[in-house]
Number of protein chains: 2
Amino acid sequence: MQAAEVGSHCPGCSRGETAILSAAVKLFAEQGFDGVSMRGVAQAAGVSKSNIYHHFDSKEALYLAILRDCAAETAELVENLASGKSSFEERLKEFSKAYQGHLFERNLSSRLLLREALSGDEQKSKRVVDQVVGNVVRRMISILSAGQEAGVLRADLDPTLCAFLLFGSNVFFFQAQEILKHFPEAEFAGETTCFSDGMVDVLLNGMLNKPVEGERS
Amino acid sequence: MQAAEVGSHCPGCSRGETAILSAAVKLFAEQGFDGVSMRGVAQAAGVSKSNIYHHFDSKEALYLAILRDCAAETAELVENLASGKSSFEERLKEFSKAYQGHLFERNLSSRLLLREALSGDEQKSKRVVDQVVGNVVRRMISILSAGQEAGVLRADLDPTLCAFLLFGSNVFFFQAQEILKHFPEAEFAGETTCFSDGMVDVLLNGMLNKPVEGERS
DNA sequence: TTACTGACCGACCGTACGGTCAGTTTCATA
DNA sequence: TATGAAACTGACCGTACGGTCGGTCAGTAA
């Protein structure tokens with residue numbers, strides 16, 4: 001189920017550096033910056049602690065290197081989206097599903113990036129906005145604005161708010177996956193795409209100018 | 001703007017213990033468990049480190065005490081909600097607004113609790129579900145189910161999904177407040193209630209069985 | 001063979017950590 | 001005013017932290 005994560009393949013990197021990166025992304029994602037020790041990273045990577053300092057200047061530098069990798073992944077994924085030729089409504093559904101899939105596939109990277117973005121810390125947030133989510137969100141907003149001008153979306157809605165609802169709902173579902181397990185009545189919990197479909201349905205039929213009747217049974 | 005937080009008033013507690021709690025909740029909320037040292041708490045509280053150990057058995061015990069306070073606060077607040085006698089639609093709006101307000105008022109407590117709930121850690125999540133959010137979410141689900149049976153909400157929707165969308169959207173907005181500052185086009189960012197209104201509007205008009213035309217200009 | 005480079009290691013350093021303890025101050029009550 | 005409990009402190013302990021350093025070893029080009 002788990003796809004390639006940061007550091008699992010790294011052309012031009014020695015075996016040790018690759019091992020360090022993939023071990024570090026796992027540990028940082030699970031325990032956060034302060035919860036991880038360089039000794040722990042070294043042990044998990046099967047290298048000496050000194051070796052890490054041979055490849056990275058400091059703990060901070062190692063963390064930033066991983067953060068940059070995560071950022072590059074996300075940016076690349078979003079670049080592949082929004083370039084589709086299908087209908088507006090269909091593109092939004094596809095985007096949501098793809099984004100949801102991305103979050104779960106790159107579980108560790110996503111967790112790491114979200115922790116940084118939603119920490120509430122001003123500097124950390126600014127860095128994430130500048131280096132990662134800024135362009136993505138702006139792109140989504142412009143897409144939604146275009147949808148408004150085309151008459152597909154309600155004209156009285158704030159496209160920025162809609163963009164944040166789209167991202168936020170997916171992100172929250174991803175963050176709350178452990179919580180959801182404790183609610184047996186949530187049948188959609190196990191099925192990622194199932195949630196995404198239902199979510200977009202709710203959001204779209206609220207955003208669409210003309211509610212689509214008869215589309216569902 | 002900031003209302004009373006955990007530890008700011010604590011009948012039966014010595015001045016020192018109160019100071020320790022209010023300092024600790026701030027630090028833990030901002031920096032997480034591992035990012036906070038007992039020396040830091042002591043300094044922020046203006047007491048000796050030993051004094052903390054006079055009142056609390058360990059760092060873990062101090063953290064748990066704060067977590068329990070946060071949980072109690074939240075549970076109490078939610079108990080006051082959803083008991084209104086107004087219309088279904090109105091009650092959902094009120095709930096969302098009140099919950100949003102609560103998150104921002106109890107900024108530190110909320111951040112602490114959310115960090116614990118959304119950490120992805122199984123044990124932490126279970127504890128939060130059992131002690132705090134479990135009953136709240138179930139209550140919300142039952143409210144939504146009742147709304148379905150009354151014919152107000154679409155019958156083909158999963159009420160659990162709707163509940164999570166309602167909570168999740170508010171939570172994400174709260175978490176992303178620092179991110180939102182970097183998007184000048186988000187006019188709703190500063191106004192909490194403004195976001196809540198718009199959000200519920202989107203969600204409701206997607207959830208409502210019969211779309212209310214003419215309600216907005 | 002020599003000289004050099006990058007990957008890698010074990011031992012070590014100063015510091016800060018969580019936690020303990022003997023002892024002092026404060027203060028309500030007898 | 002004597003007493004005992006609770007509030008509180010500074011000095012200390014063992015440990016683990018991030019980071020450094022001297023050095024080994026394989027590969028490689030001259």
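Here is how names work: the chains are called A, B, and so on, in the same order as the sequence lines, proteins then strands, and each is numbered from 1. All heavy atoms count here, side chains included; hydrogens, waters and symmetry mates do not.
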**Study point:** B/His54 NE2 to C/dA22 P, straight-line distance once rounded to whole Å
**Key:**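 These atoms are roughly 16 Å apart.
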
Could you pull out the protein-nucleic contacts involving nucleotides 14-18 of chain C (nitrogen or oxygen on both sides, under 3.5 Å)?
residue, atom, partner, partner atom, Å
C/dC17, OP1, B/Ser37, OG, 3.1
C/dC17, N4, B/Arg39, NH2, 3.4
C/dG18, OP1, B/Val36, O, 3.2
C/dG18, OP1, B/Lys59, NZ, 2.8
C/dG18, OP2, B/Met38, N, 2.8
C/dG18, N7, B/Arg39, NH1, 2.9
C/dG18, O6, B/Arg39, NH2, 3.0

Hey, what are the protein-to-nucleotides 23-28 of chain C N/O distances that come in under 3.5 Å?
none

**Study point:** Inter- and intrachain pairs under salt bridge (charged side-chain N to carboxylate O under 4.0 Å, His left out), touching residues 111-124 of chain A, at least two apart
**Key:**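 Listed once each, the pairs are A/Glu116-A/Arg127.
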
Which pairs of donor and acceptor atoms, one on a side chain in residues 161-174 of chain A, lie under 3.5 Å apart (sequence neighbours left out)?
residue, atom, partner, partner atom, Å
A/Ser169, OG, A/Leu165, O, 2.7
A/Asn170, OD1, A/Gln100, NE2, 2.3
A/Asn170, ND2, A/Ser96, OG, 3.1
A/Asn170, ND2, A/Leu166, O, 3.2

Non-neighbouring partners of [X] that pass side-chain hydrogen bond (donor to acceptor under 3.5 Å, both in side chains), sequence neighbours left out:
{"X": "A/Asn135", "value": "none"}
{"X": "A/Lys59", "value": "none"}
{"X": "B/Glu30", "value": "B/Lys26"}

Check your understanding: Which residues satisfy the side chain to side chain contact (heavy atoms under 4.5 Å, CB included) test with B/Ala117, sequence neighbours excluded?
Key ->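 Side chain to side chain contact (heavy atoms under 4.5 Å, CB included) check on B/Ala117 returns A/Ile179, B/Val128.
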
Exercise for review: Find the distance between CG (A/Leu180) and CD (A/Gln177) and round it off to the nearest 0.5 Å.
Suggested key: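 Rounded to the nearest 0.5 Å, the CG-CD separation comes out at 8.5 Å.
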
Review point. To the side chain of A/His55, which of C/dG10, C/dA7, D/dC8 is closest?
Key: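 So the side chain of A/His55 is nearest to C/dA7.
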
Result block: side-chain N/O donor-acceptor pairs under 3.5 angstrom for residues 38-53 of chain A, not counting sequence neighbours:
residue, atom, partner, partner atom, Å
A/Ser48, OG, A/Asn51, N, 3.2
A/Asn51, OD1, A/His55, NE2, 3.3

